[in-house]
Amino acid sequence: MTSSRTSNLKRTRCKPVFVLLSLLVVIVFSEVLLAQQPVTLSIDASVTGAKIERDIFGQFAEHLGQGIYEGVWVGPDSRIPNTRGIRNDVVAALKALRVPNVRWPGGCFADEYHWRNGIGPANKRPATLNPNWGGVIEPNSFGTHEFMDFLQQIGAEAYLSVNVGSGTPHEAADWLEYLTTAQPTALEKERAANGHPGPYKIAYLGIGNESWDCGGNMTPEYYLSQMKIYSRFVRNFNPAQQDKDKMLKIAVGPGGDGPRWTEWTDAIMKAYAQHTWSWDIDGLSMHNYTVIKWPPAYKSVGFGETEYAEILKKTLEMDALINTHSAIMDKYDPQKKVALVVDEWGAWYEKLPGSHEGFLAQQNSQRDAVLAALNLNIFARHADRVRMANIAQMVNVLQAMILTDKEKMVLTPTYHVFKMYVPFQDSTFVPVTFNAGIYKHGELTLPRIDAIAAKDKSGTLWLAITNLDPSQPVEIDLALAASTAKSATGETLTAPKVDSINTFDAPETVVPKRISVQARDGKLALKLAPASVTVVSVE
Ligand code: AHR
């Protein structure tokens with residue numbers, strides 16, 4: 001009796017546990033199955049969206065750590081091969097990226113930069129300080145002419161960030177006159193005497209940097225009062241830039257999510273809606289780094305899947321942030337005349353052990369390649385509003401394209417993504433339909449894949465697909481909505497581990513490989529490795 005009661009009790013207690021367990025097994029099993037299922041992806045090339053401006057592939061180069069000195073500038077007397085002091089290897093690598101524009105000289109550095117220190121004979125330039133970034137000496141050897149020479153060597157446009165923090169409208173106005181006038185003024189003569197008789201082209205003017213923080217801790221109202229003065233008086237006189245090719249002015253915008261930032265965007269855009277003939281803006285900047293803890297504590301190399309998934313989840317917040325600020329901009333500027341310019345973005349990790357305080361030196365892994373692709377995809381999907389972006393930063397700082405050590409140079413996984421995405425520059429967005437699926441790690445849920453498509457100027461169709469899952473490959477069944485796909489050819493970037501990096505000794509651990517598939521039975525099947533980025537042209 002007792003024993004049967006016990007066993008009955010056991011049975012009744014067992015039932016819910018058993019049901020729960022079976023449910024769990026079914027869930028886990030179906031998740032595993034789902035994570036292994038092919039993804040059907042369809043592109044309707046007959047429908048086109050906004051132009052994906054090549055400016056979203058812009059770079060940011062600040063006087064910070066070894067971003068300029070050593071990374072770009074080695075001086076004309078260096079043993080490192082250079083052209084007028086600018087490293088040839090770095091120039092060649094950047095030329096291959098077709099860099100559209102470079103933002104310079106900062107960042108926080110810009111709001112303490114006095115341009116006159118960086119012109120004239122090299123041996124007469126004063127040594128000043130760089131209090132923002134390690135308190136090191138700023139030799140001013142890389143100044144206005146060197147920057148413009150560098151741009152000319154790599155074929156990029158200038159995005160000049162003028163000093164609103166510690167400078168004056170007068171100083172900035174003089175800088176622009178010095179750079180752009182063709183009239184024989186005193187400043188024009190000085191420029192000619194310094195080696196450049198003709199006016200320079202300045203495509204973009206940033207009016208301040210993070211004026212709500214390192215750029216002067218201003219309230220939106222105070223910043224607006226300054227910005228209007230700069231917008232009015234900091235003129236571009238280049239005769240070739242008066243009409244269609246006019247210099248675009250970019251105001252300081254938000255630095256994140258939350259009321260502080262939405263209020264900032266609202267204030268600037270509200271003022272814009274009431275602007276008069278005497279001042280104007282063409283862009284609103286936005287800064288958004290992928291950083292989980294502050295100060296940045298995540299490692300740039302030597303991490304596992306949890307940190308991989310956490311960082312990627314964080315980076316995907318860029319989409320919501322753009323939605324939030326675009327919605328405010330739409331309210332005051334429904335015609336989308338003002339561009340949202342994401343002129344500082346990228347991963348910000350803990351500094352490399354042993355590196356200089358304030359130099360923001362970090363490694364760059366396959367995780368960063370995936371992160372870069374996800375952000376570029378987000379910008380492309382918002383191409384009607386996001387018309388410019390600048391990754392931070394170009395060489396040796398934060399999520400860099402290139403790392404250097406004296407005469408050595410290595411291209412990072414992020415570099416390769418930017419190179420693979422070159423066909424998307426100035427292309428036209430084409431919608432892609434797919435079920436992103438799920439990549440799950442512990443409590444974290446992310447999309448399994450992401451994809452964008454576009455048509456380039458010659459009509460070629462391009463597709464970029466990212467497989468976020470670090471352990472499962474994904475098979476893509478690709479179809480064109482209006483015709484039959486014949487082949488897909490391009491490159492894929494994979495790596496042995498999510499934290500694989502390229503080093504000076506092993507520079508080819510993460511490099512793109514050719515990928516080519518032909519249709520079989522009218523089906524185009526692309527097999528993509530775990531944690532990979534792939535770009536193909538589809539015929
Ligand atoms: O990119 C490094 C710094 O981050 C920039 O100088 C500043 O604008 C931002 O806070």
Side-chain angles (χ1 to χ4, degrees), residues 58-69 71-72 101-113 129-136 138 142 147 159-167 204-218 223 227 250-258 260-261 264 283-298 300 314-315 318 321 341-352 355-362 364 368 371-372 375 388-403 412 414:
Q59 298 287 332
F60 172 36
E62 180 167 13
H63 286 234
L64 191 176
Q66 296 182 319
I68 296 288
Y69 297 109
V72 172
N101 69 81
V102 182
R103 179 171 181 252
W104 176 85
C108 300
F109 179 83
D111 271 303
E112 289 189 83
Y113 184 61
L129 286 172
N130 189 340
N132 276 295
W133 305 118
V136 294
E138 165 57 53
F142 189 89
F147 174 60
Y159 176 7
L160 212 63
S161 204
V162 292
N163 182 344
V164 173
S166 68
Y204 306 102
L205 184 82
I207 306 180
N209 170 73
E210 298 194 352
S211 303
W212 30 258
D213 188 33
C214 73
N217 265 294
M218 301 173 191
Y223 172 70
M227 186 266 275
I250 297 155
V252 169
D257 205 4
R260 180 182 173 204
W261 304 116
W264 183 281
L284 182 75
S285 124
M286 181 171 97
H287 289 183
N288 180 41
Y289 285 97
T290 301
V291 55
I292 290 181
K293 282 182 195 152
W294 198 262
Y298 275 54
S300 55
K314 185 80 196 162
T315 216
M318 178 70 90
L321 199 62
V341 177
V342 190
D343 54 13
E344 284 189 33
W345 70 273
W348 192 326
Y349 304 121
E350 184 186 58
K351 80 177 187 72
L352 286 176
S355 67
H356 200 295
E357 204 57 55
F359 275 22
L360 312 188
Q362 64 188 43
N364 196 295
D368 297 304
L371 184 153
N375 280 281
M388 185 153 153
N390 300 76
I391 189 165
Q393 299 194 5
M394 192 169 65
V395 190
N396 290 332
V397 177
L398 299 176
Q399 190 173 345
M401 306 292 115
I402 295 170
L403 302 177
T412 66
T414 301

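Please read these numbers as outputs of a predicted model, since none were measured by experiment. Just so you know, ligand 1 is whichever comes first in the structure, and atom 1 is the first atom listed for that ligand. The first residue in the sequence is number 1, and the count goes up from there.
Protein heavy atom in closest approach to atom 10 (O) of ligand 1: Glu210 OE1, 2.8 Å. With respect to atom 1 (O) of ligand 1, the closest heavy atom belonging to the protein is Tyr289 OH, 2.7 Å.
With Glu62, Glu344, His63 as candidates, the residue nearest to atom 8 (O) of ligand 1 on a non-hydrogen basis is Glu344.
Remark: the backbone N or O of Gln393 is not paired with any side-chain donor or acceptor of Glu62 at under 3.5 angstrom. Gln362 contributes a side-chain N or O that, together with a main-chain N or O of Tyr349, makes up a donor-acceptor pair within less than 3.5 Å.
Between Tyr113 and Phe109, the ring-plane angle classifies as tilted under the 30° and 60° cut-offs.
In this structure, Phe109 does not count as a contact residue of ligand 1, since none of its heavy atoms falls inside 4.0 Å of the ligand.
A donor-acceptor pair shorter than 3.5 Å cannot be found between the side chains of Asp368 and Thr414. Using modelled atom types and a 3.5 Å distance limit, the side chains of Asn390 and Tyr159 yield no donor-acceptor pair.
Here Asn209 has side-chain heavy atoms under 4.0 Å from ligand 1, and that is the only part of it that gets that close. Only the side chain of Leu398 comes within contact range of ligand 1, with a heavy atom under 4.0 Å; no backbone atom does. Contact annotation: for Trp345 versus ligand 1, there are no heavy atoms closer than 4.0 Å.
Annotation for ligand 1: atoms under 4.0 Å from non-hydrogen atoms of Gln393 are 1 (O), 2 (C). Under a 4.0 Å criterion applied to the non-hydrogen atoms of Gly107, ligand 1 contributes the atoms 5 (C), 6 (O), 8 (O).
A ring-ring contact (aromatic ring centres under 6.0 Å, His included) with His63 is found for one member of Phe147, Tyr69, Trp133 and no other, namely Tyr69.
Checked against a 3.5 angstrom limit, the closest N/O atoms of Phe60 and ligand 1 fall outside it.
Between Cys108 and Asn132, the shortest heavy-atom contact is O-ND2, 3.4 Å.
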